[in-house]
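These notes are about the structure you will find just below.
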Amino acid sequence: MKDRTIRKNIWCRLAYGYLKILEKTVRIEWQQPEQFSGHNVVGFWHEDSMAMNLILKASKNAAVSVLVTPDEQGDYIRYLLKKCGKEAVGIGYGFCNAGTLKEILKSLKDTKRSVAIAMDGPFGPRHIPKKLTYFLSEKSQTELVGITISYSKEISLAGRWDHCHIPLPFSKITVRIDGYGVASCQHPPQIRLYQDERKCSIMSMDRLLTQQGTVIEGISSGLVGQRQRI
């Protein structure tokens, strides 16, 4: 147990050290930053978790609470968020217990605070959002924004379910922010099937998918009943 704690502490420090290197060497290009009002539910793909820490650190004036799971991976993210001056909110693997959910919705009453969530995390399937994202937007009447990140140079861990992207030093990260208004669990924004993930936004409100979109929504609905995890 002690050795495991030591290893975890070492990995946390290494991850933060690498984040500091990226902070000094990576150039961030913003697209449509006006879509972020400072009071949003912010959705991103789990694969961009490392870059999101960098983006949050660069957004010094934004008060953002990030939802994390109570496991070792969540501990790493919680450590990085604390170092970045942001708040981590621990949630379970289910839809969220009533007390935690109530606190999250209460925090969204603050018009200067946002809540960020990995829409397909923590275990996937990749690029299939969980309903919690839409639920938070709908119940708090807070507009949803999607974060799409592309990299000029990165390492992609294809062996992981999320294809985790790790940006490289001296590269460029392009951050696009798309606004989708107040989302609804019954009528969520349609998911774009990715042809070129670098060029597509996280979600698409135009070109509504017909047959393929219905298949994805069916898979997502089935997962909610069988294995709902955040």
Side-chain angles (χ1 to χ4, degrees), residues 35-49 52-53 55-56 62-78 81 86-111 113-149 161-162 164 177-192 201-205 213 216-230:
Q35 295 292 331
F36 178 69
S37 68
H39 180 228
N40 296 103
V41 173
V42 180
F44 60 95
W45 295 133
H46 197 273
E47 65 197 33
D48 296 317
S49 295
M52 280 300 297
N53 283 293
I55 291 164
L56 289 170
V64 182
S65 300
V66 184
L67 307 189
V68 299
T69 48
D71 53 18
E72 191 166 296
Q73 184 179 12
D75 290 340
Y76 293 138
I77 297 173
R78 188 178 288 104
L81 288 170
K86 304 301 179 184
E87 179 185 31
V89 177
I91 56 175
Y93 293 121
F95 191 73
C96 234
N97 67 66
T100 302
L101 188 59
K102 183 177 179 180
E103 288 301 313
I104 295 171
L105 293 174
K106 182 179 178 181
S107 72
L108 282 170
K109 291 182 179 179
D110 182 350
T111 57
R113 176 166 293 279
S114 296
V115 168
I117 180 172
M119 297 178 67
D120 55 348
F123 302 115
R126 185 172 181 243
H127 293 173
I128 297 182
K130 307 296 172 62
K131 285 190 174 182
L132 179 60
T133 309
Y134 307 137
F135 180 87
L136 291 175
S137 174
E138 181 177 14
K139 292 302 180 182
S140 67
Q141 288 297 289
T142 303
E143 293 188 354
L144 171 67
V145 296
I147 303 292
T148 304
I149 302 176
W161 72 265
D162 63 351
C164 178
I177 304 176
D178 291 291
Y180 300 99
V182 176
S184 165
C185 291
Q186 297 300 318
H187 304 285
Q190 297 293 310
I191 304 304
R192 184 193 295 272
S201 61
I202 191 169
M203 290 178 290
S204 174
M205 292 186 72
I216 289 183
E217 289 175 0
I219 293 173
S220 181
S221 298
L223 288 168
V224 171
Q226 299 173 19
R227 182 171 169 255
Q228 180 65 38
R229 289 181 174 176
I230 302 166

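When a residue number appears, it is its place in the shown sequence, counting from 1.
- For the salt bridge (charged side-chain N to carboxylate O under 4.0 Å, His left out) test, no residue two or more places apart in sequence or in another chain qualifies with Glu103.
- By the 4.5 Å heavy-atom criterion applied to side chains, Thr100 and Ile91 are counted as neighbours.
- Side-chain atoms of Lys106 never come within 3.5 Å of backbone atoms of Leu101 as a donor-acceptor pair (strictly under, hydrogens ignored).
- Not counting sequence neighbours, the partners of Asp75 by the salt bridge (charged side-chain N to carboxylate O under 4.0 Å, His left out) test are Lys8, Arg78.
- Looking at Ser137, its side chain never comes within 3.5 Å of a backbone N or O of Tyr134 through a donor-acceptor pair.
- Rounded to the nearest 0.5 Å, atoms CH2 (Trp45) and CE (Met119) are 5.0 Å apart.
- Side-chain atoms of Ser114 come within 3.5 Å of backbone atoms of Gly38 as a donor-acceptor pair (strictly under, hydrogens ignored).
- Remark: side-chain polar atoms of Lys130 are paired, donor with acceptor, to backbone N or O of Gly124 under 3.5 angstrom.
- Asp48 places no side-chain N or O within donor-acceptor distance of the main-chain N or O of Phe44, the cut-off being under 3.5 Å.
- Shortest non-hydrogen contact noted between Gln35 and Ile177 is CG-O, 3.4 Å.
- Taking CD of Glu47 as the start and CE of Met52 as the end, the distance is 12.5 Å to the nearest 0.5 Å.
- Summarising the geometry, atom CH2 belonging to Trp161 is positioned 5.0 Å from atom NE2 belonging to His46; distances are rounded to the nearest 0.5 Å.
- Checked by atom type, the side-chain pair His39/Glu143 shows no donor-acceptor distance below 3.5 Å.
- With rounding to the nearest 0.5 Å, the separation of CD1 in Ile104 from CD1 in Ile117 is 7.5 Å.
- Within the 4.5 Å cutoff, the side chain of Asp178 has heavy atoms near those of the Thr148 side chain.
- Residue Val42 is tested with Thr142, Ile55, Val66, Ile147 for a side chain to side chain contact (heavy atoms under 4.5 Å, CB included); the sole match is Ile147.
- One finds the OG atom of Ser107 at 6.5 Å from the CZ atom of Arg113 (value rounded to the nearest 0.5 Å).
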